[in-house]
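Here is the structure we will look at, set down as structure tokens.
Values in this document were obtained by computation on a predicted structure and should not be read as measured data. Just so it is clear, the values below take in all heavy atoms, side chains as well, and ignore hydrogens, waters and symmetry mates. The sequence lines fix the lettering, A, B, ..., with proteins before strands; numbering per chain opens at 1.
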There are 2 protein chains.
Amino acid sequence: MSLVLNKTETPSVPPETRTRILKVAQELGYQPNHPARMLRSARTMTFACVIPDITNPFYPGLVRGLQTVAAPAGYDVLIFDTDGRPDGEVRAIDWLLQGRADGVVATFFHLRVPQLAVLARKGIPLVRLESQHKPDGPLAIDSVYIDNAEAAAEMTRFLIARGHRRIAMIQAEFGPSQRRAQGYGAVMREAGLSPDFITDSAYSEESGARAMRRLLERKGDRPTAVFGASDVLALGAMEAARSAGLSIPNDIAIAGFDDIPVAKLLGLTTVRQPEFDLGALAAETLVKRLQAGGLEAPGRSHELKFEIMKRSSV
Amino acid sequence: MSLVLNKTETPSVPPETRTRILKVAQELGYQPNHPARMLRSARTMTFACVIPDITNPFYPGLVRGLQTVAAPAGYDVLIFDTDGRPDGEVRAIDWLLQGRADGVVATFFHLRVPQLAVLARKGIPLVRLESQHKPDGPLAIDSVYIDNAEAAAEMTRFLIARGHRRIAMIQAEFGPSQRRAQGYGAVMREAGLSPDFITDSAYSEESGARAMRRLLERKGDRPTAVFGASDVLALGAMEAARSAGLSIPNDIAIAGFDDIPVAKLLGLTTVRQPEFDLGALAAETLVKRLQAGGLEAPGRSHELKFEIMKRSSV
DNA sequence: CTGAAAGCGCTTACAG
DNA sequence: CTGAAAGCGCTTACAG
């Protein structure tokens with residue numbers, strides 16, 4: 001019976017038996033119990049998506065990309081928010097070790113491969129959202145990324161080409177902000193300019209606004225352009241600048257990173273990260289890993305292309 | 001052993017045995033298998049969140065509110081996107097009937113109580129995100145809502161008080177847009193003005209922009225104010241208006257509904273729905289329902305307060 | 001106080 | 001071709 005219900009083809013069952021079973025199941029409104037299936041088949045048919053915060057507008061698009069590939073392959077998506085904190089990330093790993101998902105797509109700001117290897121050892125493939133290329137590894141840990149350093153470098157070149165000399169970057173303490181800062185710093189130095197970093201804690205509007213206020217309090221060498229290490233930071237900076245009576249881009253130019261959906265509406269010049277495609281690619285990678293023998297392949301790093309979106313804020 | 005691992009107090013187990021068990025569990029890095037627990041205890045410790053689309057900025061805040069209450073109570077959150085379509089909603093129900101969640105928070109645009117009653121019959125409590133008060137019912141189906149008709153009425157009164165006479169509303173085909181349209185329509189008629197509805201399909205920027213373009217193509221009686229039945233619709237309308245070279249609010253005023261996070265940044269006048277609190281309240285309701293005897297109580301409707309956010313777009 | 005045993009609802013290999 | 005049986009890893013009631 002199980003056979004008929006689960007497979008579309010059943011050579012060993014005569015058609016009439018097959019239709020009879022299907023009919024009865026239909027009449028009873030039979031739905032197989034998912035927990036029992038999970039236990040018996042040792043497959044949860046679930047992907048976990050471990051991210052800092054679903055309310056950061058970068059992530060819903062990623063989740064959607066994931067779902068779009070996962071659903072047709074029969075996988076559900078569980079969301080786990082870490083708040084970008086070490087304890088949140090550790091809790092995510094413990095939780096995954098309880099066998100809640102067959103595969104994981106994750107953004108870790110703090111944990112490194114040694115701490116993540118437990119998953120691979122348990123046969124749970126992981127796709128990390130990274131900010132740079134990673135060398136192939138022996139474990140079932142893959143990554144998807146855009147070249148964050150090069151993208152930030154290109155944006156910095158654009159700001160310089162627009163005549164800016166005093167360009168500040170608003171950073172966050174952890175996460176992809178670091179690679180972005182490297183790209184920015186390298187280009188600034190090459191051009192004979194001094195990098196000007198200001199770090200507030202998180203990827204939040206409040207952090208961006210706070211950092212901008214500190215920049216504006218400076219006497220004399222105020223920057224003429226501010227590069228937010230993420231769009232959310234840049235939006236906070238825009239708000240703070242406007243509250244201070246400055247006009248964008250006349251008094252101060254602002255650039256961001258991510259191209260979240262509202263960036264377009266606000267005219268924010270930014271780096272486009274294809275979040276939907278990153279999610280979809282991550283899901284495809286997991287689906288392949290979970291096919292027979294898929295766990296043997298070495299861990300790969302997949303690059304997608306970024307794009308500089310030139311809008312009115314610069 | 002199970003006893004020790006699961007409870008914080010174990011009167012029948014001597015302390016030394018208890019610590020010994022805990023120590024060994026620690027050393028082995030033992031993590032209980034979640035699917036097996038689910039099956040044995042007939043509890044998934046999961047809440048499902050069934051929504052049209054996680055990329056609509058209204059929903060991440062709702063999800064966060066849900067998680068914030070669910071996590072400390074031991075529940076995970078699964079996201080299911082229906083795309084606001086009837087087949088998506090039907091698939092959500094079938095999926096829930098496989099025993100994937102202990103409780104559900106959902107927005108249904110199409111299904112009504114008769115179709116949802118299967119859940120209650122299976123002992124799965126449901127909290128609906130509604131647009132109006134619902135009478136108490138015998139089933140374990142609760143709801144949380146703000147008074148959408150009254151909120152839209154109040155916004156319409158505000159637009160009239162600002163001197164607008166030709167006020168159009170951009171609607172979506174299904175969902176809460178209907179109650180909002182009622183509130184708007186009633187106030188317009190009371191004031192001796194004619195309601196002016198324009199309906200495009202979905203709650204998307206594209207729909208909002210398309211509707212706005214149709215309004216702008218009109219000869220003569222163009223509206224001086226446009227009320228989007230949701231913020232996403234209003235944002236699309238703003239974009240279309242700007243593309244047409246109009247200035248907001250001088251040439252045309254725009255109002256929305258929801259107060260998604262970007263509304264503030266864009267200066268959009270809108271109705272604030274406390275999405276985080278709605279999610280948190282829904283989760284609390286489910287947690288209570290899942291305590292002993294909780295399923296017996298009649299289905300209740302919980303109201304939260306809206307607020308008119310007056311910003312620069314009007 | 002503690003160890004062995006039953007059973008949750010499936011899937012899958014096996015006997016008839 | 002089809003029905004009965006084992007077993008996934010737990011929890012919980014029960015015997016010793």
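- Between dG9(D) and Tyr30(B), no contact under 4.0 Å exists linking OP1 or OP2 to a side-chain N or O.
- A salt bridge links Arg300(B) with Asp136(B); the closest basic N to acidic carboxylate O contact falls under 4.0 Å.
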At a cut-off of 3.5 Å, list every protein nitrogen or oxygen paired with a nitrogen or oxygen from nucleotides 14-16 of chain D, distance to 0.1 Å.
none

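- Across Asp83(A), Asp87(A), Asp81(A), a single residue satisfies side-chain hydrogen bond (donor to acceptor under 3.5 Å, both in side chains) together with Arg85(A), and that is Asp87(A).
- Remark: P of dG9(D) and CE of Met38(B) are 16 Å apart, rounded to the nearest angstrom.
- The CG atom of Leu39(B) sits 10.0 Å away from the CE atom of Met38(A) when rounded to the nearest 0.5 Å.
- The side chain of Leu39(A) has dC8(D) as its nearest neighbour among dC8(D), dT11(D), dC10(C).
- Consecutive pairing runs in DNA chain C reach the stem threshold at C:1-3 with D:14-16, C:5-12 with D:5-12, C:14-16 with D:1-3, where a stem means at least three Watson-Crick or G-U wobble pairs with distances under 3.5 Å.
- Between Gln98(B) atom CD and dT11(C) atom C1' there is a gap of 15 Å when expressed in whole angstrom units.
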Intermediate values then yes/no, side-chain hydrogen bond (donor to acceptor under 3.5 Å, both in side chains), Thr44(B) and Asp102(B): CA-CA 6 Å; Thr44(B) 62; Asp102(B) 295 339; 2.9 Å; yes

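- Of the candidates Lys134(A), Gln273(A), His133(A), Glu130(A), Tyr145(A) forms a side-chain hydrogen bond (donor to acceptor under 3.5 Å, both in side chains) with just one, namely His133(A).
- In this structure, CZ of Arg100(B) is placed 13 Å from P of dC10(C), rounded to the nearest angstrom.
- With Tyr203(A) as reference, Phe109(A) is the one residue of Phe58(A), Phe109(A), Tyr59(A) to meet the ring pair (Phe, Tyr, Trp, His ring centres under 6.0 Å) rule.
- Spacing between atom CG of Leu28(A) and atom C1' of dG9(C) amounts to 15 Å, rounded to whole angstrom units.
- Within the model, atoms CD1 of Ile124(A) and CD1 of Ile141(A) stand 11.0 Å from one another, a figure rounded to the nearest 0.5 Å.
- Of all heavy-atom pairs between Ser207(B) and Ser201(B), the closest is OG-OG, 3.5 Å.
- In this structure, Ile21(A) places its CD1 atom 8 Å from P of dG3(D), rounding to the nearest Å.
- A salt bridge links Lys23(A) to Glu27(A): one of the charged nitrogens lies within less than 4.0 Å of a carboxylate oxygen.
- We find that CD of Glu16(B) is positioned 8 Å from P of dT2(C), with the value rounded to whole Å.
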Close N/O contacts between protein and nucleotides 5-7 of chain C (under 3.5 Å):
| residue | atom | partner | partner atom | Å |
| --- | --- | --- | --- | --- |
| dG7(C) | N2 | Arg40(B) | NH1 | 3.1 |
| dG7(C) | N3 | Arg40(B) | NH1 | 3.4 |

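- Few gaps surround CD on Gln291(B); more than 12 heavy atoms of other groups in view lie less than 6.0 Å from it.
- If you take CZ on Arg18(A) and CZ on Arg20(A), they are separated by 13.0 Å, rounding to the nearest 0.5 Å.
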